Amino acid sequence: MNTGTPSIEINEVGPRDGLQIEKTFVSTEEKIALVDALSDCGFARIEVTSFTSPKAIPALADAQEVMRGIRRHPDVIYTALVPNIRGLERAIEVGTQEMNLVMSSSETHNRANLRMTRDQSLSELTSILRAAQGTSTPCNVSLSTVFGCPFDGDVPVDDVLRLAHQLAEAGAAGITLCDTTGMAYPTQVAALCETVLRELPGLPITIHLHNTRGMALANAIAAWQTGVTRFDAAAGGLGGCPYAPGASGNVNTEELVHMFECMGVKTGVSLQPLLDIVRGLPQLVQREFSIPLLAAGHRLATHQPPAWLAEKFGPADGVHA
Ligand code: COA
Ligand code: ZN
């Protein structure tokens, strides 16, 4: 049993999931600067970009230049999303340290997002896993829509388990359970995480949450309580899949970090430098959006009381300095 300080690992997916849906094209230099700044915040992983078709995801068409241009912090693993063999080849060419393969657990979202059936994707990913065995590059697999599909509704748990087993047998280094359009709710998250952890013991499980319906932090706690310690999150709560109707932002990294740190759970991430980056995001993506933690500050960011309190009541007794 682990009796030390509890800790989690965060995979910052803002540069990939965050930017893939933005209308404004963020320049290659700005993307590199964003990743470089995030590199100094203490993340375990940063998902830098995706090696997808530039027609499908024009916002990340400069994936190779970005991966080539970033500064590599020795403590960070630089990953990227890969949907097919062509993507693997491009990712390897520019020194991607870990692949994040992707397919959906629901048929219709897989077809809409990847223009393949689930069977075709499974066979593509199996070929990638085989090809990657010759290199020393670990390949995680993100399973989209496991908590619900915006086209097909609830996804049978058996479909998720079958895919997770097949991918693990094919050599996946880990599985990410993705709530692509924020359909998950806490008891559902706990139940699926428990089942997957039990059925695939020893396989690292990550949870990928979107805050579409305001349940992302509650879902994060539900996953953590079952023993999941790896979380995807996007700075500023950016993000969303362009091929999933109604998609909106990922769980906010800064809110996830703040929440776990309040609870005494180590995240490795320094909140202040992260908030400094988050402050610049509206300008980067050329649109305004609310960033609650930036407005409110840390929960113990207390305020100077109004001057008249001291005049009326004198110095306050029992108030900590
Ligand atoms: N990187 C760069 N180009 C790629 C590519 C890749 N990984 N895969 C395919 N292409 C190119 C092909 O070379 C071809 O180019 P051409 O038209 O100039 O000849 C074109 O894209 C079509 O190739 P095809 O194999 O027919 O792909 P497709 O059109 O059926 O699309 C995917 C399949 C998977 C490549 C595409 O749907 C995709 O990239 N989806 C990603 C969606 C995504 O990232 N969603 C959000 C994250 S969940
Ligand atoms: Zn996502």
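The analysis underlying the following values was restricted to heavy atoms, covering all of them including side chains, and did not include hydrogens, waters or symmetry mates. When a ligand or atom number is given, it counts from 1 through the structure's own listing order. Nothing here was measured: the structure is a model prediction, and the numbers come from that model.
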Self-check item: Winner among L88, N113, D17 once heavy atoms are compared against atom 48 (S) of ligand 1
Solution: N113

Quiz item: Which residue from T180, N84, L81 reaches closest to atom 8 (N) of ligand 1 through any of its heavy atoms?
Solution: N84

Practice problem: State, with a plain yes or no, whether a side-chain heavy atom of K23 is found less than 4.5 Å away from one of R287. | Solution: no

Self-check item: Heavy-atom side-chain contact between L129 and L101 under 4.5 Å
Solution: yes

Practice problem: Count the heavy atoms belonging to other residues, nucleotides or ligands that lie under 6.0 Å from CZ of R115, then report whether that count exceeds 12. | Solution: no

Self-check item: CZ/R299: more than 12 non-hydrogen atoms of other groups inside 6.0 Å
Solution: no

Quiz prompt | Pair T79-N100, side-chain donor/acceptor within less than 3.5 Å | solution = no

Practice problem: Check whether the side chains of H73 and S39 place a donor and an acceptor atom closer than 3.5 Å, and report yes or no. | Solution: no

Got a list of side-chain donor-acceptor pairs under 3.5 Å for residues 180-188, not counting sequence neighbours?
| from | atom 1 | to | atom 2 | distance (Å) |
| --- | --- | --- | --- | --- |
| T180 | OG1 | T145 | N | 2.9 |
| Q188 | OE1 | Y185 | N | 3.2 |
| Q188 | NE2 | F147 | O | 3.1 |

Measure the distance from [atom] to every protein heavy atom, then report the residue, atom name and distance (to 0.1 Å) of the closest one.
atom                    : value
atom 21 (O) of ligand 1 : S53 OG, 3.6 Å
atom 47 (C) of ligand 1 : Q20 OE1, 3.5 Å
atom 2 (C) of ligand 1  : R90 NH1, 3.2 Å
atom 5 (C) of ligand 1  : R86 CG, 3.5 Å

Quiz item: Is a side-chain N or O of N110 found less than 3.5 angstrom from the main chain of S105, in a donor-acceptor match?
Solution: no

Is there a protein heavy atom less than 4.0 Å away from [atom]?
atom                    : result
atom 42 (C) of ligand 1 : yes
atom 39 (O) of ligand 1 : yes
atom 26 (O) of ligand 1 : no
atom 33 (C) of ligand 1 : yes
atom 17 (O) of ligand 1 : yes
atom 23 (O) of ligand 1 : no

Quiz item: Side chain, backbone, both or neither: which part of I57 comes within less than 4.0 Å of ligand 1 when only heavy atoms are counted?
Solution: side chain

Quiz item: Are R71 and D40 within salt-bridge range, i.e. N to O under 4.0 Å?
Solution: yes

Exercise. Looking only at non-hydrogen atoms, find the nearest pair between P201 and R198 and report the distance.
Key: CD-O, 3.4 Å

Quiz item: Which heavy-atom pair separates A59 from K31 by the least distance, and what is that distance?
Solution: O-NZ, 2.7 Å

Going by the atom numbers of ligand 1, which of them fall below 4.0 Å from some non-hydrogen atom of [X]?
X    : answer
R16  : 47 (C)
R115 : 28 (P), 29 (O), 30 (O), 31 (O), 37 (O)
A56  : 36 (C), 38 (C), 39 (O), 40 (N)
G87  : 7 (N)

Quiz item: Remaining members of L309's ILVMFWY cluster at a side-chain heavy-atom cut-off under 4.5 Å?
Solution: W308, F313

Quiz item: Touching ligand 1 at all, P54? Heavy atoms, strictly under 4.0 Å?
Solution: yes

Quiz item: Could you state the interatomic distance from CG (D158) to NE2 (H165), rounded to the nearest 0.5 Å?
Solution: 10.0 Å

Quiz item: Backbone or side chain, does any N or O of K55 fall under 3.5 Å from an N or O of ligand 1?
Solution: yes

Self-check item: Y243, any N or O under 3.5 Å of ligand 1 N or O
Solution: no

Quiz item: According to the interplanar angle, ranging from 0 to 90°, do the rings of W224 and F260 count as parallel (below 30°), tilted (30 to 60°) or perpendicular (above 60°)?
Solution: perpendicular

Atom pairs and distances, donor-acceptor, side-chain atoms in residues 9-18, under 3.5 Å, two or more places apart:
| from | atom 1 | to | atom 2 | distance (Å) |
| --- | --- | --- | --- | --- |
| E9 | OE1 | R45 | NH1 | 3.1 |
| N11 | ND2 | D232 | OD1 | 2.8 |
| E12 | OE1 | A235 | N | 3.3 |
| E12 | OE1 | T253 | OG1 | 2.7 |
| E12 | OE2 | G14 | N | 2.8 |
| E12 | OE2 | A235 | N | 2.9 |
| R16 | NE | E47 | OE2 | 2.5 |
| R16 | NH1 | Q20 | OE1 | 3.0 |
| R16 | NH2 | E47 | OE2 | 3.0 |
| D17 | OD1 | Q20 | NE2 | 3.4 |
| D17 | OD1 | G240 | N | 2.9 |
| D17 | OD2 | H208 | NE2 | 3.0 |
| D17 | OD2 | H210 | NE2 | 3.4 |
| D17 | OD2 | N250 | ND2 | 3.4 |

Quiz item: List-wise, which protein N, O or S atoms are found short of 2.8 Å from the Zn ion (ligand 2)?
Solution: D17 OD2, H208 NE2, H210 NE2

